[in-house]
Amino acid sequence: MSVTINLAGIDRMLSATEVRKRQEEYAMRAAFLMRKYVPCDENTLRASEPLNSNYADGRLIWNTPYAAKQYYVPMSHTTQGTCDHWDEACMKADGKDLIAYAEKLYEGY
């Protein structure tokens with residue numbers, strides 16, 4: 001008797017290329033959902049994220065001289081819906097959607 005186990009789907013799913021591809025897609029989706037919470041006066045802070053982020057590594061980066069202050073120091077923001085700790089606000093409001101999106105990325109394996 002012999003048993004053959006087909007692991008082709010798992011091998012594809014866990015290959016470094018496939019993992020990186022899914023990480024990049026997920027990070028781009030997270031950044032897209034998160035942007036509405038990032039303070040926006042002249043759009044410079046929001047616009048800095050796509051230019052500086054490394055989606056394939058899962059790194060979202062807001063790179064302005066005042067980004068850290070906007071993130072860490074609670075203050076009254078001029079654009080409705082924006083806040084400090086925008087990643088936490090995004091997870092609170094859109095976390096279920098992000099989890100569902102991640103699940104879809106691995107659907108079929």
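In this text the structure is predicted, and so the values were computed from the model without any measurement. Numbering starts at 1 and runs along the sequence shown.
The shortest non-hydrogen separation linking Ala67 to Leu45 is CB-CD1, 3.6 Å. Taking all atoms of both residues into account, the shortest heavy-atom contact from Ala89 to Cys83 is CB-SG, 3.5 Å. Closest non-hydrogen pair, Ala30 versus Cys90, comes out as O-SG, 4.5 Å.
Rounding to the nearest 0.5 Å places CG of Leu60 at 10.5 Å from CE of Met28. Taking CD from Glu49 and OH from Tyr55, the interatomic distance works out to 3.5 Å, rounded to the nearest 0.5 Å. Remark: Met34 CE to Tyr37 OH distance equals 9.5 Å, nearest 0.5 Å. Here CH2 of Trp62 is found 11.0 Å from CZ of Arg46. Values are rounded to the nearest 0.5 Å. From Lys104, atom NZ reaches atom CD of Glu107 across 5.5 Å, with rounding to the nearest 0.5 Å.
Between Tyr101 and Tyr26, the two ring planes are tilted [angle within 30° to 60°]. By the 30° and 60° cut-offs, the orientation of the rings of Tyr71 relative to His85 is tilted.
Linking Ile, Leu, Val, Met, Phe, Trp and Tyr residues whenever their side-chain heavy atoms come within less than 4.5 Å places Leu105 and Met91 in a single cluster. Hydrophobic clustering of Ile, Leu, Val, Met, Phe, Trp and Tyr side chains at less than 4.5 Å, counting indirect connections, unites Leu98 with Tyr106.
Among pairs with a residue in residues 87-103, those fulfilling salt bridge (Lys or Arg N to Asp or Glu O under 4.0 Å) read Lys36-Asp94, at least two apart in sequence or across chains.
For the pairing with Ile61, the side chain to side chain contact (heavy atoms under 4.5 Å, CB included) check across Leu51, Asn52, Asn54 returns one residue only, Asn52.
Counting heavy-atom neighbours within 6.0 Å of Phe32 CZ, excluding the residue itself, gives a total of 12 or less.
Taking the charged nitrogens against the carboxylate oxygens, Lys21 and Glu18 do have a contact shorter than 4.0 Å, which makes a salt bridge.
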